[in-house]
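Just below is one structure, and these are the notes that go with it.
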2 protein chains.
Amino acid sequence: MSTTPPASEDASPAEAAGEQAGHFEDVAFDVFQKRCPSRSALEHATAKWAVLVLSALTEGEGGARFGALRRRVDGVSEKMLSQTLQTLERDGFVDRRVLRPIPPHVEYSLTPLGRETARHLLGLVDFLEGRMDEVVAARDAYDRARDGGGDHRGDGAD
Amino acid sequence: MSTTPPASEDASPAEAAGEQAGHFEDVAFDVFQKRCPSRSALEHATAKWAVLVLSALTEGEGGARFGALRRRVDGVSEKMLSQTLQTLERDGFVDRRVLRPIPPHVEYSLTPLGRETARHLLGLVDFLEGRMDEVVAARDAYDRARDGGGDHRGDGAD
DNA sequence: CGGGATCCTAGACGATACTG
DNA sequence: CAGTATCGTCTAGGATCCCG
């Protein structure tokens, strides 16, 4: 069972998935495929840890080791980091090269594609950071509107 | 119990979450908060359905109804659409206006912030779509490398 | 028609132990 | 050190019912 990392949305759209989603047989998997394969790449790149890993790899472009990445990304588990790296590598965003098999020495770096993707991502992050005041204001307004207009409880507003 | 839609990562980091994640007391929730609040906005905007909703709202900027959005986004459930719309509205990405209370007539549209965010997102999507050949090639190479080099089983690759 | 409340499953995620 | 396997937990997400 060395074949159980991530990736499950676009590999084999035949009989692999679709049962639990498509209760019928004719509308089965087209719903999840969304009709474009770029969706999966987008989701992989915008995944929770993927953004952080992409950022971390952007900072140190000399090739980072697993442990260094773990330390840099902070709260990521080995499983999630490994999974994220595999997904990103499979999509051609990161390049994994084994420097020495024993003891293990592996370095991860961004491919040109990954670097450009990271640029787009970082651009979005930067944009959002610059507009966070609007977001915070909107959130506050939304919270106040429903806390004072409808029924309110003593909870911490979540 | 009218307060149970989405949003739960950045509101009350006190006792809401952190026990199952932070096994220690000093490294508790800083791991999940990532130290920047823009993370939540980023995750909301890049969420699975959020991208599709943002795209759908970009296409028809005249204000779309719930049912129309459901039809346009395709495989989304009412719950997910409602949840996504609420999250996007709370962050100030979409504007929700009630045209008529009974029978219900609600129209959703993008705010300027939402429109710019959608632009960034669509830019990334467009970029990825243009590079999908690289992605597909990388995926194929990755798949072949592990299918022929390591141990392979008779599963559907999933 | 819009969408909230509820129930349930599948998958995401984290911690740990183990291997080479 | 790099990574996998396994297990347990939590939440995202979907189906359904029902109310305004």
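Note that the structure is a prediction, hence the values are computed from the model and not measured. Letters go in sequence order (proteins before strands), and every chain restarts at 1. When reading the values below, keep in mind they use all heavy atoms of this one structure, side chains included, and skip hydrogens, waters and symmetry mates.
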Determine, for B/Glu43 against A/Lys48, whether the closest basic-nitrogen to carboxylate-oxygen distance falls under 4.0 angstrom.
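A salt bridge is absent here (no side-chain N lies under 4.0 Å from a carboxylate O).
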Would you call A/Asp140 and A/Arg144 a salt bridge, taking side-chain N to carboxylate O under 4.0 Å as the test?
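Counted as a salt bridge, because a side-chain N and a carboxylate O are separated by less than 4.0 Å.
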Atom-pair distance ([atom1] on [X]; [atom2] on [N]), nearest Å:
X        : N      : atom1 : atom2 : value
B/Ile102 : C/dG3  : CD1   : C1'   : 12 Å
B/Arg96  : C/dG4  : CZ    : P     : 7 Å
B/His44  : D/dT11 : NE2   : P     : 14 Å
A/Glu43  : D/dG13 : CD    : P     : 9 Å
A/Tyr108 : D/dG3  : OH    : P     : 3 Å
A/Gln86  : C/dC13 : CD    : P     : 14 Å
B/Lys48  : C/dA10 : NZ    : P     : 15 Å
A/Leu99  : D/dA2  : CG    : P     : 10 Å

Taking only the side-chain nitrogens and oxygens of [X], find out if one of them lies under 4.0 Å from OP1 or OP2 of [N].
X       : N      : value
B/Gln83 : D/dG14 : no
A/Ser82 : D/dA2  : no
A/Arg97 : D/dA2  : no
B/Arg71 : C/dG2  : no

Heavy-atom nearest nucleotide on DNA chain C for B/Lys79 versus B/Phe66: which residue maps closer to 5'?
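First, find each residue's nearest nucleotide; the 5'-ward one identifies B/Phe66.
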In terms of side-chain heavy atoms of A/Val106, which of D/dT4, D/dA2, D/dG14 is nearest?
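The answer is D/dA2.
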Out of C/dG2, D/dC17, D/dT4, which has the shortest distance to the side chain of B/Glu78?
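The answer is D/dC17.
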Please report the closest heavy-atom contact between B/Ser40 and A/Arg139, naming both atoms and the distance.
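Distance-wise, the nearest heavy atoms are OG-NH2, 3.1 Å.
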Regarding B/Arg70, tell me which of base, sugar-phosphate or nothing describes its non-hydrogen contacts under 4.0 Å with the strands shown.
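Contact class for B/Arg70: none.
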For the pair A/Tyr108 and A/Phe66, name the ring-plane relationship: parallel under 30°, tilted 30 to 60°, perpendicular over 60°.
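It falls in the tilted class, 30° to 60°.
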Full working for side-chain hydrogen bond (donor to acceptor under 3.5 Å, both in side chains) between A/Thr87 and A/Gln83:
CA-CA 6 Å; A/Thr87 305; A/Gln83 193 169 298; 5.9 Å; no
Map B/Ser77 and A/Arg65 onto DNA chain D by nearest heavy atom, then report which one ends up closer to the 5' terminus.
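The residue mapped nearer the 5' terminus is A/Arg65.
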